[in-house]
Student: 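Right, I'll just put the structure down here and ask away after.
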Number of protein chains: 2
Amino acid sequence: MATIYDIAEKLGISPSTVSRALSGRGYCKEETRKRVMQAAEEMDYAPDQSAKMLKTRVSNKVLFTVPDMCNPFYFDMIQGINDVLDPYGYLLILMDTKNRLDEEKRAIQLLREKYADGMIMVSFHFCEENIDLLNRLQAPVVLTNKYISPVGKDHFHYVWVDTQEGIKEVVRHFASQGIRRIGYVGGRLQEQTGRERYEGYRDGLQEAKLSLRAEWIRESDYTEQGGYLAGLSLFDGSHLLPEAIICANDLMAYGFLRACEEKQIRVPEDLLLAGMDNLSLSSRTYPKLTSVSLQAEEIGRTAAEMLVRRMNGYNQPIENVKLLPELVVRDSSVSHRLTP
Amino acid sequence: MATIYDIAEKLGISPSTVSRALSGRGYCKEETRKRVMQAAEEMDYAPDQSAKMLKTRVSNKVLFTVPDMCNPFYFDMIQGINDVLDPYGYLLILMDTKNRLDEEKRAIQLLREKYADGMIMVSFHFCEENIDLLNRLQAPVVLTNKYISPVGKDHFHYVWVDTQEGIKEVVRHFASQGIRRIGYVGGRLQEQTGRERYEGYRDGLQEAKLSLRAEWIRESDYTEQGGYLAGLSLFDGSHLLPEAIICANDLMAYGFLRACEEKQIRVPEDLLLAGMDNLSLSSRTYPKLTSVSLQAEEIGRTAAEMLVRRMNGYNQPIENVKLLPELVVRDSSVSHRLTP
DNA sequence: CTGAAAGCGCTAACAC
DNA sequence: GTGTTAGCGCTTTCAG
């Protein structure tokens, strides 16, 4: 592959002139510029990015990490991120951290090694360890969870949705229909995301003066299969079944639906169901799934916008954006019985 | 950020020794290695990728380009690609070419500039222009269409699914139920993908001795919205409606379903419907959508495997893999009437 | 086993 | 307007 030196030599000029001609920065006679352009074309020249990066210290890449590649939610986020980043010429590096701390640390390491200029990170669990590494980092980072480390002085931005409020809203939705036995399928309680949503459930019940019963609660992993297994396990007991189930995300709700189908439990006739994420799928399942919209695309867009501002070097104060969840009621959560 | 020079200076040794110690290549006394490691740790050292790349000429990145980021089909492909690439430490750069030639050319240009070591490219339309650029390229490329350029001597691999056969299979499926009026919603006929699938439809009809009527055919763009509009337009005419519709992909079929819903046309009672891609969604829509499985994940996996082999420098002969489509029959395409 | 030195391809300050 | 020169941070011969 030809370099600017080859072009310079061929034209009998200096490499720096070639560089100026090609980049358009710095003075250069129009005529020489034309000659350079033509020679570059003829010699099939293409600038070498690694050399450019080494010199300029920018990679024009953004790292986006997700805890589960299989979840379409992140795909929706990508749309938003890409919408914003593309016009700036940023490339997107996609990484699946598989909800594992070591992979998240690896992502952070990639940033340290300047694989990318910035990162948007989705994690179920921000903890001292990864937060600490993030704070050490020079590069701009945007998280999609609310997180304020005990120490304070955080170096990252975040955009977040009040999922706790979202789940509470679902509880209210059920309670307003006179439902009293509400079950819950969530994520791991040790994880931030899992705890937040669970607390929404718990507080929602309390607010509605409903009782919380362990046999109606399952801890799962946000996957379709996890929701399916949680469903089977719930139906397995000899205890009184709940009248309604809240799944902490749509994927689990789909799995739960599958379990219902298998066990001949009709939704919404025998059991009401709601999820969270409002995947585009949810308006097409049968029955159509009630879900809390988290505005995936909007999260992506907002996160990307914050990141771009930050990467453009405006050493802005750390900003955080809160987005509001919105309950989208569909068939799966509406009781056909008359409300009392 | 500390460099190997800083470490060398601090330890009073040479940078090359530091480099050897860190990389593990070349001789290095165990003791010095330990000292280097510790100093690196203390000084918060991280190797600079651009410098490394400039020297080694490898980026450890693979570019994946899709014609429409909104289509979940590519998301499934990513799963497969990532499964294969991740163990090798390759990072994935995702790019949306928006089904535009100029963006495809931009992707090829990225490869020329060594943004990535190789590329997997999905395009609806390989033509002389982009194929020519691909053939000029030094870097390994895998396409997901069958393509043999007129000139021969192609430099890229491809993995492909016989979509033509897949569509024919759908026609047979309908014909075997005694259906005679079969309509079609496809992509642009000027594009490779659009033409292939259309020909499957055309030949399938011929094979079954059914007539092809222009008023039952719509040219669309593989999006949900496109399918919706095609549906409306089909129902708009005063002509006799077809008994069954084949959509060239699932996304259009979903849109078509929406149009049916709106026009109070029941599927499958009033109209039979089938799509192609077999998105995971299709088993959950109402009615469940019959679809031709193209094995997205398998395509991704296969493409990635070919690419890795190629990138590992084994200057292997160009290989091509053909995958077989498989018709997955669900509710949307099965007539409730007795077959004659 | 270690060090000196060249060079990957580009940019940019500075000199002319 | 153009050329000279010195890096960016790393790897890798080649000497020692």
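Residue numbering restarts at 1 for every chain, and letters A, B, ... go by the order of the sequence lines.
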Student: Tell me the interatomic distance from Y45(A), atom OH, to dG9(C), atom P, rounded to whole angstroms.
Tutor: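 Going from Y45(A) (OH) to dG9(C) (P), I get 10 Å.
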Student: I'd like a list of close polar pairs between nucleotides 1-4 of chain C and the protein, N/O only, cut-off under 3.5 Å.
Tutor:
residue	atom	partner	partner atom	Å
dT2(C)	OP1	T32(B)	OG1	3.3
dT2(C)	OP2	K29(B)	N	2.8
dT2(C)	OP2	T32(B)	OG1	3.1
dG3(C)	OP2	S14(B)	N	2.9
dG3(C)	OP2	S14(B)	OG	3.3
dG3(C)	OP2	T17(B)	OG1	2.7
dG3(C)	N7	S16(B)	OG	3.3
dG3(C)	N7	R20(B)	NH2	3.0
dG3(C)	O6	R20(B)	NH1	2.9
dA4(C)	N6	S16(B)	OG	3.2

Student: Should the pair K98(B)-D86(A) be classified as a salt bridge under the 4.0 Å nitrogen-to-oxygen rule?
Tutor: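 Here K98(B) pairs with D86(A) in a salt bridge, since their nearest N and O are under 4.0 Å apart.
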Student: Hey, could you give me each pair passing side-chain hydrogen bond (donor to acceptor under 3.5 Å, both in side chains) that has a residue in residues 72-81 of chain A? Not counting sequence neighbours.
Tutor: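 side-chain hydrogen bond (donor to acceptor under 3.5 Å, both in side chains) check on residues 72-81 of chain A returns no pairs.
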Student: Testing the 3.5 Å rule here: is there a donor-acceptor pair between the side chains of Q109(B) and R106(B)?
Tutor: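 Checked: Q109(B)/R106(B) side chains show no N/O donor-acceptor pair below 3.5 Å.
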Student: Need two values: the first and the last nucleotide of DNA chain D, 5' to 3', having an atom under 4.0 Å from any heavy-atom of chain B.
Tutor: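 Span of nucleotides near chain B: dG9(D) to dT12(D).
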Student: Can a salt bridge be assigned to the pair R301(A) and E298(A) using a cut-off of 4.0 Å between side-chain N and carboxylate O?
Tutor: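 Yes.
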Student: Is the closest side-chain heavy-atom distance between M119(A) and M95(A) below 4.5 Å?
Tutor: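 Sidechains of M95(A) and M119(A): no contact.
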Student: How long is the line joining CE of M53(B) and P of dC10(C), in whole Å?
Tutor: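 Value for this atom pair: 13 Å.
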Student: Axis-to-axis angle across the helix from dC1(C)-dG16(D) to dC16(C)-dG1(D), five pairs an end, to 10 degrees?
Tutor: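 Nearest ten degrees gives 40° for this helix.
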Student: Once you measure the plane-to-plane angle for W160(B) and Y158(B), does it fall in the parallel (<30°), tilted (30-60°) or perpendicular (>60°) bin?
Tutor: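 Geometry flag for Y158(B) against W160(B): perpendicular rings.
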Student: Nearest whole Å is fine: how far is dG9(C) C1' from I7(A) CD1?
Tutor: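 So the two atoms are 12 Å apart, to the nearest Å.
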Student: Across the strands shown, which category fits S19(B) at heavy-atom distances under 4.0 angstrom: base, sugar-phosphate, nothing?
Tutor: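 If one applies the 4.0 Å heavy-atom cut-off, S19(B) turns out to touch a base.
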Student: May I ask you to verify if any side-chain N or O of Y5(B) is less than 4.0 angstrom from the OP1 or OP2 atom of dA5(C)?
Tutor: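 For Y5(B), the contact criterion (side-chain N or O under 4.0 Å from OP1 or OP2 of dA5(C)) is not met.
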Student: Nearest-Å distance, CG (L54(B)) to P (dT11(C))?
Tutor: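 Going from CG in L54(B) over to P in dT11(C) covers 12 Å.
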Student: Residues two or more places apart in sequence or in another chain: which of them pass ring-ring contact (aromatic ring centres under 6.0 Å, His included) with F75(A)?
Tutor: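 Residues passing ring-ring contact (aromatic ring centres under 6.0 Å, His included) with F75(A): F75(B).
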Student: Check for a donor-acceptor pair, side chain of T17(B) on one end and backbone N or O of I13(B) on the other, with a separation under 3.5 Å.
Tutor: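 Not confirmed, T17(B) side chain does not pair with I13(B) backbone.
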Student: Can a salt bridge be assigned to the pair E30(A) and R33(A) using a cut-off of 4.0 Å between side-chain N and carboxylate O?
Tutor: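 Answer for the salt bridge query: yes.
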Student: Taking only distance into account, with no hydrogens and no angle test, what donor-acceptor pairs under 3.5 Å do side-chain atoms of residues 125-134 of chain B form with protein atoms, sequence neighbours excluded?
Tutor:
residue	atom	partner	partner atom	Å
H125(B)	ND1	Q192(B)	N	3.2
E129(B)	OE2	K105(B)	NZ	2.6
N130(B)	OD1	C127(B)	N	2.8
N130(B)	ND2	E104(B)	OE1	2.8
N130(B)	ND2	H125(B)	O	3.2
D132(B)	OD2	R136(B)	NH1	2.6

Student: Calculate the interatomic distance between M1(A) atom CE and dC10(C) atom C1'; express it in whole Å.
Tutor: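 One finds 15 Å between C1' of dC10(C) and CE of M1(A), rounded.
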Student: To the nearest Å, give me how far apart NZ (K55(B)) and C1' (dC10(C)) are.
Tutor: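 About 15 Å, once rounded to whole Å.
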Student: Looking at E319(A) and R310(A), is there a salt bridge between them, counting it only when a charged N and a carboxylate O are closer than 4.0 Å?
Tutor: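 Judged by the 4.0 Å cut-off on N to carboxylate O distance, R310(A) and E319(A) do not form a salt bridge.
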